[in-house]
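Just so you know, ligand 1 is whichever comes first in the structure, and atom 1 is the first atom listed for that ligand.
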Amino acid sequence: MDDVGFFTVDALFSAAEMEDLNQALEDFEARLARENLESREVVFTQKVAERDERVRAFAQQDVFVEISTAFLGPDTDLYFNQKVYKNPNGENAFSWHQDEGYGPVEPSPYLTVWIAINDATPENGCVSVLPGSHKRGLVHHWRGSFGLECHRFDDPDQGVLVPLSAGSIAVFWSQTIHKSGPNLTAGVRKAMVLQFSPLGLRHTASGMLIRSRVAIARMGHPARGNLEV
Ligand SMILES: O=C(O)CCC(=O)C(=O)O
């Protein structure tokens, strides 16, 4: 992690665990009753854990207490979370970016855990990473073809693909530069993204405290059931 800025854990979750998460997310989406989801190339549904008990329990389980405290210290929160579904037959890649490019925070960096609900492949738009790019610190971003961008698609360095089988995760720093490809297949590519931060995170620009509603660890122990406001 120190050297390349990311790592993967294969088959961390079983097929049954991923089906449970998938079902919780489907049920949540059905309750929102958003229309025309199929017509969008990428569907982002944000802050699910704050609003759904099953997804919150998923994010607060021991393995995320272990991962977040190993890298961020004994007191950690769920800073942000979103479901990212890529619909079939897409055309656009998600621009190279640092997650923190969307909003600088302190202390920095925080941790992104990208969870493959189904297989993420080069064909259906898995993530690619620029190894070692976190060492550059927070870099300049501009408005790209799909989201904010900090590295061009025609740069000779297109990093490394990070295919993941269902139930596997990729963990990277909020300053690790990554992108994802278009989904060229006939099936939906499904991912859940959980971002963990140390307690007491602030927006760099305003200095304002970012209050998480989902505590993950306190003094290295699970903070389950602790829905903070
Ligand atoms: O899931 C994807 O395709 C990319 C998502 C991503 O990079 C992000 O949400 O920052």
#### Entry: Protein contact to atom 4 (C) of ligand 1 [nearest heavy atom, distance to 0.1 Å]
S180 OG, 3.5 Å
#### Entry: ligand 1 atoms in contact with V84 (distance to a heavy atom under 4.0 Å)
1 (O), 2 (C)
### Task
Look at the rings of F172 and H178 and say which category their plane angle falls in: under 30° parallel, 30 to 60° tilted, over 60° perpendicular.
tilted
### Message
Determine whether a donor-acceptor pair (N or O, by modelled atom type, separation under 3.5 Å) exists between the side chain of R202 and the backbone of G207.
### Response
yes
### Query
Does ligand 1 have any atom sitting under 4.0 Å from a heavy atom of Q82?
yes
### Query
Considering only protein heavy atoms, which is closest to atom 8 (C) of ligand 1, and at what distance to one decimal place?
H97 NE2, 3.7 Å
### Query
Just which atoms of ligand 1 are under 4.0 Å from any heavy atom in K86?
3 (O)
### Query
Is atom CZ of R31 surrounded by more than 12 heavy atoms (other residues, nucleotides or ligands) closer than 6.0 Å?
yes
#### Entry: N-O pairing of K135 and D2 below 4.0 Å
no
### Task
For D99, counting its heavy atoms only, list the atoms of ligand 1 lying under 4.0 Å from any of them.
8 (C), 10 (O)
### Spacing of S108 atom OG and Q98 atom CD [to the nearest 0.5 Å]
8.5 Å
### Query
Ring centroid separation for F58 and F13, is it under 6.0 angstrom?
yes
### Query
Could a heavy atom of Y102 be found less than 4.0 Å from some atom of ligand 1?
no
### Task
Examine ligand 1 and decide if any of its atoms is less than 4.0 Å from a heavy atom belonging to V193.
no
#### Entry: For atom 5 (C) of ligand 1, the protein heavy atom that lies nearest, with its residue and separation
W114 NE1, 4.1 Å
### Query
Would you say the side chain of Q158 lies within less than 4.5 Å of the side chain of W96, judging by non-hydrogen atoms?
yes
